[in-house]
2 protein chains.
Amino acid sequence: MPSHTEENYLKAIYKLSEAQPGVEVSTNRIAEVLQTRPASVTDMLRRLGEKGLLHYERYRGVSLTHDGRRVALLTIRKHRLWEVFLVNKLGFNWDEVHDVAEEMEHLQSPLLMRRLDEFLGFPQLDPHGDPIPAEDGAIIRPQHRLVSDLKPGEEGTVMAVKNTSVPFLQYLDKAGLSLGARIEVLDKVTFDNSLEIRINNNKVTLISNEISCNLFVAD
Amino acid sequence: MPSHTEENYLKAIYKLSEAQPGVEVSTNRIAEVLQTRPASVTDMLRRLGEKGLLHYERYRGVSLTHDGRRVALLTIRKHRLWEVFLVNKLGFNWDEVHDVAEEMEHLQSPLLMRRLDEFLGFPQLDPHGDPIPAEDGAIIRPQHRLVSDLKPGEEGTVMAVKNTSVPFLQYLDKAGLSLGARIEVLDKVTFDNSLEIRINNNKVTLISNEISCNLFVAD
DNA sequence: CAAAGTGCCCAGTCACACCGAGGAAAATTA
DNA sequence: TAATTTTCCTCGGTGTGACTGGGCACTTTG
């Protein structure tokens, strides 16, 4: 049984390695996202290495083993299934679920997750548009593009968000940019990379680069 | 925020003090139900005393403070609400839920519990017939009698179980003695206190004292 | 009042997670 | 390639939470 902290480390390492495939994950980077010191990270990496959950060679960065990857994906699976539950069944808003799911993802009952999955109708995506890994760790990599990569004239449907912070999600709600919204890029300001967009063939707004870098669309 | 272990101690102390009202709860008894050593209990009692969760005076036994009682009741509330969820929504059998709920009862989000309560339709009883405390700690003491206290000729409806162990619950399922079953006591064997009963105006069975001491009925 | 039973206290263990400092290794730059 | 910077490992140590055996203090009971 991995501890809560171990699950958090593995999840963070998995996400970092997905963000930059091929590149080994660095100690400092892990410390940064987990809000801790590099010395603590080294400590944990050694322990996770001894447990066979990751390949750890000093100064060489780190990569997950098959087992470590499995634990990380199962943790993500639990997190996202609980998010779906909170939003679809308990009526939470998508900006309220992260912290609660962060706690629920550490529950350790495979049977519970199987029954929950069934109860929710085997959802494929969580409320932020992220794919839910299967029980065996299979995960579908969605075909998304960042809004910041769109050129004027291009359009797409909002499919997912990269950032799940409360202020960001609340901004999207207020701007009418929830999942499913249709976006058309009208113009790009080269100075700060902000975009002028039309939302749902209707309102025209300006969104900053900060926003467009955290929003995914598909055709 | 109380730790998982603290919640477990408080819950155990609450249940012990309910079982024998008026009597102070003893260190040895707590050690027994929590499967630990008296020395560990003393240790924890001192800490819980310092936190103001119980009245702890050496050699004097222990009783919960208002705060301690509140934590205990909230923990029980969480446990029982999750049990209802598992049975009513996820399709668990009543003999499968205890261990899972034991883990879920330590989740710390009042908002979650409020929304769950609403989602479940504000249930008053858990799947074993035990009352669910309100958010403010109010709890209805059910008017039950033990089947072992019934005299020949008396009858009643099965309302709750005292014991929630897997073998006991499975036995009840097999015997047709689930909640709601109608029982009529036909005869009592004075030698071992076993009872001859008729179930749902139908089958006649013999149940041991061990069983009848763990089964509650009401008229 | 003495014996039996109960429970406290002490000192220590163990696991987990964290951390600062200093120096070793690697990467970068000159 | 040498010097500098950056990364990060190692070491020793901290703190917390929970548990424990053994000896002794207290309480209860006969």
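In the text below, chain A, chain B and the rest are named by the order of the sequence lines, each starting its count at 1. These numbers come from a predicted model, not from an experiment.
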- Message: Check the phosphate of C/dA17 against A/Thr36, side-chain N and O only, distance under 4.0 Å to OP1 or OP2. Yes or no?
- Response: no
- Task: Measure from CG on B/Asp43 to P on C/dA11 and round the result to the nearest Å.
- Result: 14 Å
- What is the distance from CZ of A/Arg37 to P of D/dG12, rounded to the nearest Å? 22 Å
- Message: Let's see if you can work this out: which of D/dT20, D/dA18, D/dC8 has an atom nearest to the side-chain heavy atoms of B/Arg47?
- Response: D/dA18
- Message: Measuring only between side-chain heavy atoms, which start at C-beta, is B/Glu103 closer than 4.5 Å to A/His106?
- Response: no
- Ranking C/dA21, C/dC18, D/dT7 by distance to the side chain of A/Ala39, first place goes to C/dA21
- If you measure from the Lys or Arg side-chain nitrogens to the Asp or Glu carboxylate oxygens, is any gap between A/Arg29 and A/Glu32 under 4.0 Å? yes
- Task: Check the distance between C/dG7's P and B/Met44's CE and give it to me in whole angstrom.
- Result: 18 Å
- Query: When we call it a touch if two heavy atoms are under 4.0 Å apart, what does B/Thr27 touch: a base, just sugar-phosphate, or nothing?
  - Reply: sugar-phosphate
- Task: State plainly whether the residues A/Glu50 and A/Arg46 are in salt-bridge range, i.e. N to O under 4.0 Å.
- Result: yes
- Message: Can you work out whether A/Tyr9 or A/Arg58 has the more 5'-proximal nearest nucleotide on DNA chain C?
- Response: A/Tyr9
- Message: Without decimals, in angstroms, what is the distance between A/Leu45 CG and D/dC8 P?
- Response: 10 Å
- Task: Nearest whole angstrom, please: distance from the P of D/dC26 to the OH of B/Tyr56.
- Result: 13 Å
- Query: Looking for any heavy atom pair under 4.0 Å, which part of the strands does B/Thr5 touch: base, sugar-phosphate only, or nothing?
  - Reply: sugar-phosphate
- Task: Verify the contact: side-chain N or O of A/Ser40 to OP1 or OP2 of C/dC18, cut-off strictly under 4.0 Å; return yes or no.
- Result: no
- Item | For atom CG of A/Leu48 and atom C1' of C/dC18, their distance in whole Å | 15 Å
- Message: If you define the side chain from C-beta out and look only at heavy atoms, does anything of B/Asn8 sit under 4.5 Å from B/Glu105?
- Response: yes
- Quick one: do B/Glu154 and B/Lys188 make a salt bridge, cutoff under 4.0 Å? no
- Please state how far atom OH in A/Tyr59 lies from atom P in C/dA25, giving the value in whole angstrom units. 6 Å
- Task: Could you state the atom-to-atom distance from CZ of B/Arg46 to P of C/dC9 in whole Å?
- Result: 8 Å
- Message: On the side chain of A/Asn28, is there an atom forming a donor-acceptor pair with the base of D/dC8 - under 3.5 Å, no angle test?
- Response: no
